[in-house]
Amino acid sequence: MFPEFTNIPADRQQAIQAALAGLSADQLMWVSGLAAGASGSSLPVSNGGSAVVTQASGPSGTTPLTVIFGTESGNSEELADRSVKAAKKKGFKPVLKSMADIAPGELVGCENLLVFSSTWGDGEAPEAAADFYTALMGADLDFSKVNFAVCGLGDTSYEKFCQIGKDLDARFAELGGHRVSDRADCDVDFEETYENWFAAAIAALSEKSGVSVAVASAPAELPVADVAAPEFGKSNPFSAKVIDNVLLNGRGSSKETLHLELSLEGSGLSYEAGDALALIPDNADDVIDRILSVTGFSGNELVSFKDGPKKALRLLMKSELDITGLSKAVAKKYNAVANNEALEALLSDEKKEEFKSFVWGREIIDLFVDYPAKGEFTPQDFVACLRKLPPRLYSIASSPKAHEGEVHLTVAAVRYETGGVVRKGVASTFIADELKKGTEARVYVHKNKNFRLPEDTNVPVIMVGPGTGIAPFRAFIEERDETGNEGGTWLFFGDQKYNFDFLYQLELQGFLKSKSLTKLDVAFSRDQPKKVYVQDRLRERGEELWAWLEKGAHFYVCGDASRMAADVHQALIDVVAEHGKKSEEEAEAYVNQLKKDKRYQRDVY
Ligand code: NAP
């Protein structure tokens with residue numbers, strides 16, 4: 001029970017345990033303080049051969065703990081931050097660091113290490129963690145003094161689910177680190193997995209480093225979301241009333257982009273320009289009906305989700321379950337009951353590529369249609385295959401200073417056809433089809449500290465936001481309209497056609513007039529035979545762009561991650577190379593430095 005290095009004789013250990021048995025958490029804390037006082041302010045403790053100096057730990061312990069995170073949309077950072085707060089109460093003295101701000105070599109002396117990393121896109125490291133990840137994978141370092149645990153975050157609908165967490169976990173062990181508890185692979189609905197992981201990891205680290213047994217074994221205080229957070233939040237979304245919902249595209253457009261205005265009145269929720277709004281959609285009735293008809297369920301069957309109370313299947317399908325997102329994880333769970341041989345073969349490692357092309361554009365219902373169950377498949381079996389309906393994050397399109405008590409979004413409705421069936425994005429078409437004036441949507445604010453205007457209004461800002469990527473820049477321009485725009489604002493916007501798709505055209509022209517928007521460059525891709533994109537405009541304006549950068553401008557990109565963001569990144573490097581008279585490598589280094597200085601920020605999806 002007591003670590004060996006404490007050298008406390010067995011009979012004294014029993015006596016201590018007997019004395020502590022049944023004491024409340026507060027009483028245990030007090031006893032630990034008493035012990036600290038009796039021992040003097042600090043005492044050397046031998047810890048597995050490496051001498052460390054630590055005070056008897058308690059709420060103000062000094063056992064070092066390093067918590068690092070690699071975040072894309074803020075979830076890893078949020079969990080890392082919560083872990084720091086909870087670890088303090090467990091007798092540690094934690095420091096929190098972003099992978100963007102450290103090199104792997106700085107961690108070799110860490111005794112205790114908690115690692116959080118999300119996985120982005122097709123198994124990639126979050127942008128801010130990419131350099132750290134690459135350096136660690138190629139490093140020849142000795143982590144034999146480090147006790148570590150890794151919490152990966154990801155989305156089971158992607159093939160390389162939690163890949164970065166898996167890689168980091170393996171690499172720290174390969175380099176001699178001691179894994180004190182198993183890695184967590186968190187899906188979008190991460191609360192439970194994270195809490196279980198944290199409880200195990202912190203208990204193991206406590207034991208390894210001899211943090212006061214009393215405190216470490218005190219009843220687990222779960223690292224719940226920030227206690228100072230408003231009443232409404234992730235675990236208790238606010239029902240926001242729809243003030244307005246307007247189609248931004250003109251008649252004849254092939255796009256369907258909506259401007260949604262929600263009231264936050266009475267919620268206590270607040271946000272800053274650059275933050276995102278999480279919205280929890282309902283599933284559409286026609287989608288539910290199709291699944292019920294294919295499975296033969298009535299929808300009235302009473303079922304429970306993850307040990308929750310029994311509810312009618314249709315009710316759960318409507319607003320609690322992800323009934324469309326098809327992933328390998330769902331297919332595997334389904335086939336554990338369905339026993340369809342053809343599906344079993346498709347799920348094998350050899351058929352990875354075939355499975356990928358089957359999944360592309362398809363939904364869970366396609367499993368039932370193409371690979372029917374061989375035996376009985378009950379409504380409860382169906383529910384057991386599913387995950388919680390995840391919220392969708394939308395970049396906020398308004399400044400709270402310009403629209404007190406309101407939050408605005410810019411949303412592209414996703415509708416497409418595969419296998420002769422019309423499919424629709426769950427949240428975007430919920431917004432388009434269901435959120436009429438006066439209805440309500442479940443929302444909470446998702447902070448994005450990595451996408452912020454400079455506080456100083458003298459600093460110039462360059463914003464690149466084609467399509468819905470304009471959203472946060474409408475917020476930025478509104479913000480500068482309220483606070484001042486001495487430094488200058490420059491927007492690059494693009495969409496398909498000038499006549500139909502010039503989102504917020506009148507507002508932007510108004511801001512140009514009032515000088516809250518200094519410059520506007522547009523690229524309408526389909527108004528001429530050869531496509532023109534925002535990156536073409538960046539290159540055309542290269543000389544002035546370079547001058548703005550040299551004046552200290554911040555550079556922002558929002559919108560499509562798959563191609564646009566990479567193309568704009570390359571255009572930025574090209575501009576720096578040409579007009580800054582630099583080699584390709586020097587230009588890359590210049591752009592990397594912009595990132596490090598937080599002058600190059602992206603919000604891409
Ligand atoms: P978009 O239609 O993807 O693009 C807007 C403009 O960018 C178009 O003129 C497009 O041209 C152009 N473009 C295409 N490829 C480009 C590239 N490599 N570099 C630069 N520009 C490029 O913009 P959107 O309206 O934001 O896109 C909607 C899509 O975003 C939806 O289908 C959805 O999947 C996704 N999405 C939206 C949200 C949201 O609404 N907030 C959230 C998540 C995902 P062409 O089309 O003419 O090539």
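Order of appearance sets the numbers: ligands from 1, and atoms from 1 within every ligand.
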Student: Please confirm whether Lys424 makes a cation-pi placement over Tyr416, using NZ or CZ under 6.0 Å from the six-membered ring centre and within 45° of the ring normal.
Tutor: no
Student: Might you list the protein residues in contact with ligand 1, defined as having a heavy atom under 4.0 Å from one of its atoms, sorted by chain and number?
Tutor: Lys255, Tyr394, Thr410, Val411, Ala412, Val414, Pro466, Gly467, Thr468, Gly494, Asp495, Gln496, Ser525, Arg526, Lys531, Tyr533, Gln535, Arg563, Met564, Asp567, Tyr605
Student: Please assess Arg452 against Asp275 for the test salt bridge (Lys or Arg N to Asp or Glu O under 4.0 Å), listing each intermediate value before the final yes or no.
Tutor: CA-CA 8 Å; Arg452 288 279 184 263; Asp275 283 339; 2.8 Å; yes
Student: Should the pair Phe493 and Phe502 be assigned to parallel (<30°), tilted (30 to 60°) or perpendicular (>60°) ring geometry?
Tutor: parallel
Student: Is a salt bridge present between Asp189 and Lys306, judged by a nitrogen-to-oxygen distance below 4.0 Å?
Tutor: yes
Student: Under the ring-ring contact (aromatic ring centres under 6.0 Å, His included) definition, can you give me all pairs with a residue in residues 240-259, not counting sequence neighbours?
Tutor: His259-His408, His259-Tyr504
Student: More than 12 heavy atoms of other residues, nucleotides or ligands under 6.0 Å from CD of Glu192: is that the case?
Tutor: no
